[in-house]
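Atoms considered below: every heavy atom in the structure, side chains included; atoms not considered: hydrogens, waters and symmetry mates. These numbers were taken from a predicted model, which means no experiment stands behind them. Both ligands and their constituent atoms are indexed starting at 1 by order of listing.
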Amino acid sequence: MSENTSTATAYQGMLRDDALKGKTIIITGGGTGLGRSMGTYFLKLGANLVITSRKLDVLKQAADEMAAETEGKVIAVVCDVRKYEEVENMLTQAIETFGKVDALINNAAGNFISPTERLSPNAFSAVIDIVLKGSANCSLALGKYWIREKMSGNILNIVTTYAFTGSAYVVPSACAKGGVLAMTRSLAVEWGRHGIRTNAIAPGPFPTKGAWERLLPGDMAKKFDFKNRVPLKRVGEHQELANLAAFLVSDFSGYINGEVITIDGGEWLQGAGQFSALEMVPDEMWDSIELATRKAN
Ligand code: HXC
Ligand code: NAP
C-alpha cells in the first residue's frame with residue numbers, strides 16, 4: 001500500500017481506548033485470520049474475549065499471544081459451531097468466566113473453489129453446515145440467552161459480497177452466505193424489540209492463510225491477483241475491517257440494525273458495471289474514441 005496520509009491510517013485503530021470496555025464478545029473462528037485481527041483490536045478497546053473453533057492448540061496459542069499483545073482477557077474454548085450442544089457449552093463457559101456475554105461475531109467459515117458438478121453432496125453440506133447452520137446455532141443460543149435474561153445483545157455476521165451477487169465456483173459458500181444475510185435482516189426485525197441488533201459486514205479480499213490456501217492455491221495467487229479486481233488497486237488491511245467491526249459491536253452504532261456494510265474497495269461494483277472493463281483502454285486512446293463517438297451524433 002502506498003504511504004500517503006489516507007492509506008497510512010488504514011493501519012491504525014479508529015475508536016477511543018475504552019470503546020468496548022466491560023463488553024464480553026464471542027468470536028467464532030477467532031484464533032486465525034480476520035477473527036483474530038478483530039479480536040485483538042476488541043481486546044485493545046477493553047473487551048473480554050471468547051475465541052472458539054475446532055482446534056484447541058491453535059486457539060490456545062492465539063489466546064496467549066493476543067493476551068500478551070494487549071494485556072486483555074481472552075479465553076479459548078473448543079466449539080464446533082455445527083453442533084448445538086457444543087455452542088451451548090461454550091456459552092456456559094463464557095458466562096461462568098466473564099459473568100455475561102454482550103456480542104457474538106459469526107466469523108467461522110469453510111470454503112474452497114470447485115466446479116459445482118465435481119462436488120459430492122457431503123462437500124456441499126460441509127460448507128453449508130459450518131457457515132449457515134453454524135451461524136444459526138450460535139445466533140439461536142445467544143438470542144435465547146439474551147431474551148431469557150432480558151439483556152440487550154449484538155450479532156455481527158461476517159458474510160461476503162457474493163452473498164448478494166452469487167458467485168460461480170464457490171456455490172455452497174454463496175448459498176450459505178446468502179442465507180446468513182437473510183438471517184441478518186430477518187433477526188434484526190424480529191429481535192429488535194428485545195434490544196438485540198443484528199448486522200453484517202461483507203468484506204472484499206483481505207489476505208489470510210485460511211482463505212488464500214483454499215481460494216488461490218499454488219500459483220493461482222499470482223495469476224489471479226485479487227488487487228487487480230479492485231478499483232483502489234489494493235487488498236484490504238485487517239485493521240480496516242477491525243475498525244468497522246469494533247464500531248458495529250460498540251454502542252456508538254446503537255441505531256444501526258439490519259444493515260450489511262461492504263468493505264471491498266469497490267470490487268463488487270466494478271464486477272457488476274457493464275463497461276468497467278474499459279479501464280483497460282489506455283488514456284491516449286480516448287481522443288480517437290471521442291472523435292469516433294462524436295461522428296455518430
Ligand atoms: C471438492 C472437497 C474439497 C475440494 C473438501 N471436499 N475439499 N471437494 N474439492 N477442494 C469434500 C471432501 O471430499 C468431503 O466430501 C467434504 O468436502 C468434507 O470434507 P472434509 O475435509 O471432511 O471436511 P472438514 O474437515 O469439515 O473441512 C471443511 C472444509 C475445510 C470446508 C472442507 O476447507 C475447512 O476446514 N475450512 C475451514 C477454513 C476455511 O475454509 N477458511 C476459508 C474461509 S474463506 P466427501 O464426499 O469426500 O466425504 C471465505 C472467503 C470468502 O469464506 C471470500 C474471499 C474473497
Ligand atoms: P480463516 O482464518 O480460515 O477463518 C475461518 C475460521 O473458521 C477458522 O478459525 C476455523 O478454525 C473456523 N472454523 C471452521 N469450521 C469451523 C467449525 N465447524 N466450528 C468452529 N469454527 C470453525 O479465514 P478468514 O479469511 O479469516 O475468514 C474469516 C471470515 O471472513 C469468514 O467468515 C470468511 O467467509 C470471511 N471472509 C473472508 C474474506 C477474505 O478475504 N479473507 C473475504 C470475505 C469474507 P478451525 O479450522 O480451527 O475450526
Select the closest option to [atom] among [options], judged by heavy-atom distance.
{"atom": "atom 14 (C) of ligand 2", "options": "Ala108, Ala109, Ala202, Ser53", "result": "Ala109"}
{"atom": "atom 31 (C) of ligand 1", "options": "Ala163, Gly110, Ser114", "result": "Gly110"}
{"atom": "atom 2 (C) of ligand 1", "options": "Phe206, Phe112, Trp212", "result": "Phe112"}
{"atom": "atom 26 (O) of ligand 2", "options": "Thr28, Leu34, Asp129", "result": "Leu34"}
{"atom": "atom 32 (O) of ligand 2", "options": "Asn107, Val127, Thr52, Asn157", "result": "Asn107"}

What do you think, any protein heavy atom under 4.0 angstrom from [atom]?
{"atom": "atom 51 (C) of ligand 1", "result": "yes"}
{"atom": "atom 22 (O) of ligand 1", "result": "no"}
{"atom": "atom 39 (C) of ligand 1", "result": "yes"}
{"atom": "atom 13 (O) of ligand 1", "result": "no"}
{"atom": "atom 19 (O) of ligand 1", "result": "no"}
{"atom": "atom 44 (S) of ligand 1", "result": "yes"}

[X] heavy atoms, cut-off 4.0 Å: which ligand 2 atoms fall inside?
{"X": "Asp80", "answer": "17 (C), 18 (N), 19 (N)"}
{"X": "Gly210", "answer": "3 (O)"}
{"X": "Gly29", "answer": "6 (C), 7 (O), 9 (O), 12 (C)"}
{"X": "Arg82", "answer": "18 (N)"}
{"X": "Thr160", "answer": "43 (C), 44 (C)"}
{"X": "Gly33", "answer": "2 (O), 26 (O)"}

Residue portion contacting ligand 2 (non-hydrogen atoms closer than 4.0 Å) for Tyr162: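 Answer for Tyr162: neither.
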
Does the side chain of Thr184 pick up a donor-acceptor pair with the side chain of Asn199 at under 3.5 Å?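 Thr184 vs Asn199: no donor-acceptor pair found between side chains.
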
Pair Phe164 + Trp268: ring centers closer than 6.0 Å: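 Centroid separation for Phe164 and Trp268: below 6.0 Å.
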
is_close_aromatic(Trp212, Phe206), centroid dist under 6.0 Å: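 So the answer is no for these two rings.
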
Straight-line distance of Leu20 CG to Ile25 CD1, nearest 0.5 Å: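 The CD1 atom of Ile25 is 5.0 Å from CG of Leu20, to the nearest 0.5 Å.
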
With a cut-off of 4.0 Å, which atoms of ligand 1 are near a heavy atom of [X]?
{"X": "Thr160", "value": "51 (C), 53 (C)"}
{"X": "Ser120", "value": "15 (O), 45 (P), 46 (O)"}
{"X": "Arg82", "value": "26 (O)"}
{"X": "Ala126", "value": "18 (C)"}
{"X": "Ala109", "value": "37 (C), 38 (C), 39 (C), 40 (O), 41 (N)"}
{"X": "Ala211", "value": "42 (C), 44 (S)"}

Does an N or O anywhere in Arg214 fall below 3.5 Å from an N or O of ligand 2?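 Checking ligand 2 against Arg214, no N or O pair falls under 3.5 Å apart.
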
State whether the shortest distance between N or O atoms of Thr208 and N or O atoms of ligand 2 falls below 3.5 angstrom.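 There is such a contact, yes.
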
Any idea which protein heavy atom is nearest [atom], and the distance to it?
{"atom": "atom 4 (O) of ligand 2", "value": "Thr32 OG1, 3.5 Å"}
{"atom": "atom 43 (C) of ligand 2", "value": "Pro203 O, 3.3 Å"}
{"atom": "atom 55 (C) of ligand 1", "value": "Phe226 CZ, 4.1 Å"}
{"atom": "atom 42 (C) of ligand 2", "value": "Gly204 O, 3.3 Å"}
{"atom": "atom 35 (C) of ligand 2", "value": "Ile158 CG2, 3.7 Å"}

Ligand 1 and Lys177, any nitrogen or oxygen pair closer than 3.5 angstrom?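 For ligand 1, there is no N or O atom that lies under 3.5 Å from one belonging to Lys177.
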
Check: Ser173 N/O within less than 3.5 Å of ligand 1 N/O: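 By distance alone, the answer is no.
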
Just to check, does [X] reach to within less than 4.0 Å of ligand 1 when the distance is taken from its heavy atoms?
{"X": "Arg118", "result": "no"}
{"X": "Tyr162", "result": "yes"}
{"X": "Glu213", "result": "no"}

Check contact between [X] and ligand 2, using heavy atoms of the residue and a distance below 4.0 angstrom.
{"X": "Thr161", "result": "no"}
{"X": "Phe226", "result": "no"}
{"X": "Gly110", "result": "no"}
{"X": "Lys177", "result": "yes"}
{"X": "Pro205", "result": "yes"}
{"X": "Cys79", "result": "yes"}

Location of contacts on Lys55 toward ligand 1, heavy atoms closer than 4.0 Å: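 The answer is neither.
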
Proximity of Leu215 to ligand 1 by residue part, where a heavy atom lies under 4.0 Å: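 Under 4.0 Å from ligand 1, Leu215 contributes side-chain atoms alone.
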
